[in-house]
Enquirer: 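Quick one: the structure is below, questions incoming.
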Protein chains: 2
Amino acid sequence: MSDVAKLAGVSVKTVSNVVNDYPYIREGTRARVLDSIQKLGYQLNTTARGLRTGRTGLIGLAVPELKLPYFAELADSVIAEAEQVGLTVLIEQTNSDREREIAVLRDPRRRLVDGLIFSPLALGQDDRHLLEVDFPLVVLGERIFAAAADHVTMQNVDAARAATEHLLGLGRRRIAMVGGHRGERIGSAALREAGYAEALEAAGIGVDPGLIGESGLWHRETGAAAIATMLDSGTVPDAVFALNDALAIGVLRELLSRGIRVPQDVAVIGFDDVEDARFAYPSLSSVSPGRAQIARSAVGLLHRRIVERTAPAEHETITAEFEVVPRESTLGLPARPA
Amino acid sequence: MSDVAKLAGVSVKTVSNVVNDYPYIREGTRARVLDSIQKLGYQLNTTARGLRTGRTGLIGLAVPELKLPYFAELADSVIAEAEQVGLTVLIEQTNSDREREIAVLRDPRRRLVDGLIFSPLALGQDDRHLLEVDFPLVVLGERIFAAAADHVTMQNVDAARAATEHLLGLGRRRIAMVGGHRGERIGSAALREAGYAEALEAAGIGVDPGLIGESGLWHRETGAAAIATMLDSGTVPDAVFALNDALAIGVLRELLSRGIRVPQDVAVIGFDDVEDARFAYPSLSSVSPGRAQIARSAVGLLHRRIVERTAPAEHETITAEFEVVPRESTLGLPARPA
DNA sequence: TTGTATGCGTTATCAC
DNA sequence: GTGATAACGCATACAA
């Protein structure tokens with residue numbers, strides 16, 4: 001920087017001002033400085049700036065697993081949003097491991113990131129004291145709610161109700177649900193199940209426990225297993241609401257492999273609207289939980305907290321908009337000329 | 001740090017030594033220092049250390065798109081390997097955009113990362129001068145080879161030959177290939193096509209141009225489109241070698257939706273062995289390109305270069321081992337009791 | 001085995 | 001509008 005200053009015939013402070021878009025600089029000066037920067041190929045040392053300002057321009061994103069399509073897509077969106085506001089994202093994987101989730105909060109790449117976007121999967125409401133940290137934190141999802149942190153969530157109940165209503169609207173009556181977590185009262189599973197139940201009851205249909213397939217992990221294989229168990233027990237639904245798309249794809253496979261037609265015999269809808277869904281065969285109807293909006297809100301909120309630098313009087317909760325995205329797995333395949 | 005020193009009754013230098021595992025410290029001193037650190041809840045300021053040492057402990061990983069399963073899984077592996085050697089990974093997405101790939105090389109989060117693992121998709125051999133950078137760089141893939149950088153690749157030709165031989169070994173003779181890049185002489189497409197051709201020729205079967213489906217992008221949809229075009233033109237293969245798993249899954253869908261049985265009528269094998277493959281229906285045979293080894297090699301190599309600090313006399317190329325992973329899409333579905 | 005002094009490249013302060 | 005100078009928190013010589 002001092003070389004640039006010398007070449008431009010100004011002080012380092014002026015160079016710094018130019019680099020930081022300080023408004024009160026004579027145009028000529030700015031041009032000269034910019035020119036010198038160009039000539040010398042000067043690059044700002046982010047580390048030194050970080051030392052001086054106490055900020056690094058880095059934010060952490062802690063997710064269970066990048067390999068899960070939903071989180072890969074979330075990371076994608078967060079990175080894009082962060083870039084908009086000049087932040088860089090450091091991804092940390094917790095593998096849904098309780099210890100690692102705690103570690104991320106206690107000592108994330110602390111002193112390396114300015115704040116953290118945290119998507120927990122193992123921690124629960126009892127752990128909410130862990131969210132009382134001394135750095136900006138935005139929590140995603142529905143596992144923990146605490147006055148101590150900002151929150152970005154989706155409308156799990158309403159979205160699940162809408163998905164179920166979509167199936168009801170097609171005339172389906174024996175609507176199974178796959179991915180339930182028996183006995184849980186928090187988290188996405190419980191909320192989505194609540195929405196499912198609401199829709200059924202509003203339609204004058206009760207919840208049939210035999211139509212609820214449990215599966216702790218929401219993976220393709222567990223989805224396939226859950227529907228297989230249900231069918232093997234003699235219970236045959238005319239529609240399935242899977243609590244996420246991975247489960248739904250598992251369900252799809254299992255149905256097809258048994259010669260059950262989708263959606264003629266059984267309509268299927270998932271949740272998350274990951275890219276997989278568009279390319280499944282038949283393409284999978286799903287609920288888009290507003291991933292882009294979630295990413296934008298989370299980054300925006302965190303950014304604000306970082307800039308404010310002072311602990312907020314009140315924490316915020318932002319809820320994203322959802323949308324039902326009907327595709328072939330409920331509407332049917334387009335007629336194909338033989 | 002000076003607070004810790006004061007409490008422990010030593011100098012900051014001693015604290016620094018302890019924190020950095022400097023070996024020659026009296027045990028009692030170390031214990032006192034560690035104790036003070038604990039008491040004060042002191043955390044090392046990574047930024048200040050970075051300023052002083054010129055290293056940040058961060059490495060960049062530039063990939064086309066995190067949403068593509070292969071790259072999500074690669075990132076996963078790289079993050080895990082980097083953690084082993086105390087490095088943190090900063091992911092950058094290029095979106096296979098030429099300009100962004102150039103930007104990543106010219107000015108990555110430069111001065112923020114100690115080195116870069118770069119997986120190009122748009123740059124080609126003519127751009128190899130861009131690889132002459134003044135920071136440690138490990139290039140992945142087969143698009144560019146340059147004496148100026150370290151390289152980690154997979155055995156594209158051999159692996160493709162093995163995949164094709166697997167199909168030949170099952171008695172298939174009209175083996176289609178999907179994902180070709182007509183006219184290209186570099187990159188994965190050209191190499192894998194070469195392996196495919198080698199296997200066919202060794203078996204005394206020539207390459208039938210009608211059995212080669214082109215598709216620039218290796219996505220599910222392009223795979224489906226390529227095989228559809230081939231079938232519509234009246235060409236019916238008895239096996240398909242798709243140049244990656246996404247293409248293969250597209251092929252699978254298209255075949256199934258036409259009522260063509262896999263593998264009885266057409267066997268299908270992919271390349272990459274992503275998790276999708278295991279859960280496809282039928283599960284997809286594939287070639288595992290040694291992703292874990294690629295990640296380990298890339299991180300190891302980069303780490304060495306960073307530690308060495310001096311430009312290496314010679315650059316290295318490491319080639320990962322591959323493995324054919326046969327599954328239902330070539331071996332057949334297990335008998336299912338009706 | 002430990003301490004002292006110095007500087008890494010930037011921004012903040014305050015003077016001009 | 002711009003400049004001089006002191007931090008930021010640490011590691012490195014070198015001395016002791």
Side-chain angles (χ1 to χ4, degrees), chain A residues 1-37 40-58 86 88 107 109-114 134-135 306-307 309, chain B residues 1-37 40-58 86 107 109-114 134-135 306-307 309-310:
Chain A
M1 198 179 248
S2 78
D3 290 346
V4 173
K6 211 165 293 170
L7 180 59
V10 299
S11 77
V12 289
K13 175 57 183 160
T14 301
V15 177
S16 173
N17 283 340
V18 169
V19 168
N20 289 287
D21 290 322
Y22 180 72
Y24 307 112
I25 305 178
R26 224 186 307 260
E27 261 323 307
T29 311
R30 182 196 306 280
R32 262 194 347 272
V33 170
L34 255 21
D35 194 56
S36 306
I37 287 179
L40 268 45
Y42 164 78
Q43 292 184 313
L44 180 69
N45 181 322
T46 323
T47 306
R49 166 190 280 175
L51 177 60
R52 182 63 238 213
T53 59
R55 284 189 245 142
T56 59
L58 254 43
T88 304
D107 168 53
R109 317 274 169 190
R110 194 69 183 92
R111 313 282 98 117
L112 184 54
V113 298
D114 295 336
D134 63 348
F135 53 88
I306 291 170
V307 171
R309 275 164 170 283
Chain B
M1 197 178 247
S2 79
D3 290 346
V4 173
K6 210 165 293 170
L7 180 59
V10 298
S11 77
V12 289
K13 169 58 180 161
T14 302
V15 178
S16 172
N17 282 340
V18 169
V19 169
N20 289 287
D21 288 323
Y22 181 69
Y24 308 111
I25 307 177
R26 227 185 306 258
E27 261 322 307
T29 311
R30 182 197 307 278
R32 271 203 329 282
V33 170
L34 254 22
D35 194 56
S36 307
I37 288 178
L40 268 44
Y42 164 77
Q43 292 184 311
L44 180 70
N45 182 321
T46 323
T47 307
R49 166 192 277 178
L51 178 59
R52 183 61 237 222
T53 61
R55 284 190 243 143
T56 60
L58 254 44
D107 168 55
R109 317 276 169 188
R110 194 71 182 94
R111 310 284 98 111
L112 184 55
V113 297
D114 295 336
D134 63 348
F135 53 87
I306 290 171
V307 171
R309 278 164 169 279
T310 150

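Chain letters run A, B, ... following the sequence lines, proteins first, then strands; residues in each count from 1. All values below were derived from every heavy atom in this structure, side-chain atoms included, with hydrogens, water molecules and symmetry-related copies excluded.
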Enquirer: Looking at Ser36(B) and Arg32(B), would you say the former's side chain and the latter's main chain have a donor-acceptor pair under 3.5 Å?
Expert: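 Looks like yes, one N/O pair under 3.5 Å.
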
Enquirer: Apply the test side chain to side chain contact (heavy atoms under 4.5 Å, CB included) to residues Val10(B) and Val18(B): give CA-CA distance (whole Å), side-chain angles for both, the deciding distance (0.1 Å), then the verdict.
Expert: CA-CA 11 Å; Val10(B) 298; Val18(B) 169; over 6 Å; no

Enquirer: Do Leu58(B) and Asp114(B) have side-chain heavy atoms sitting under 4.5 Å apart?
Expert: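 No, too far: nothing below the 4.5 Å cut-off.
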
Enquirer: Between the opening five pairs and the closing five pairs of the helix from dT1(C)-dA16(D) to dC16(C)-dG1(D), how far apart are the helix axes, to 10°?
Expert: 30°

Enquirer: Report the residues that fulfil side-chain contact (heavy atoms from CB on, under 4.5 Å) with Ile37(A), sequence neighbours left out, ordered by chain and then residue number.
Expert: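 With sequence neighbours excluded, Ile37(A) shows a side-chain contact (heavy atoms from CB on, under 4.5 Å) to Val4(A), Val19(A), Val33(A), Leu34(A), Tyr42(A), given in chain and number order.
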
Enquirer: Please name all residues satisfying side-chain contact (heavy atoms from CB on, under 4.5 Å) with Arg52(A), sequence neighbours left out, ordered by chain then number.
Expert: none

Enquirer: Considering residues at least two apart in sequence or located in another chain, which fulfil the side-chain hydrogen bond (donor to acceptor under 3.5 Å, both in side chains) criterion with Arg49(A)?
Expert: Asn20(A)

Enquirer: What is the distance from CD1 of Ile25(B) to C1' of dG3(C), rounded to the nearest Å?
Expert: 13 Å

Enquirer: Find the distance between CG (Leu112(A)) and OG1 (Thr46(B)) and round it off to the nearest 0.5 Å.
Expert: 5.0 Å

Enquirer: Shoot me the first and last contacting nucleotide of DNA chain D against chain B, ordered 5' to 3', at under 4.0 angstrom to non-hydrogen atoms.
Expert: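 Going 5' to 3' along DNA chain D, contacts run dG9(D) to dA13(D).
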
Enquirer: For a quick check, with a 4.0 angstrom heavy-atom cut-off, what is the B/S/- contact string for nucleotides 7-16 of chain C, read 5' to 3'?
Expert: BBBBBBB---

Enquirer: My understanding is that only residues two or more places apart in sequence, or in another chain, count here; which of them pass side-chain hydrogen bond (donor to acceptor under 3.5 Å, both in side chains) with Asp3(B)?
Expert: none

Enquirer: Name all residues meeting the side-chain hydrogen bond (donor to acceptor under 3.5 Å, both in side chains) criterion together with Lys6(B); count only those two or more places apart in sequence or in a different chain, and write none if there are none.
Expert: none

Enquirer: Output side-chain donor-acceptor pairs under 3.5 Å for residues 21-28 of chain A, partner residues at least two apart or in another chain, one line each.
Expert:
unit_1   : atom_1 : unit_2   : atom_2 : d
Glu27(A) : OE2    : Arg30(A) : NE     : 3.3

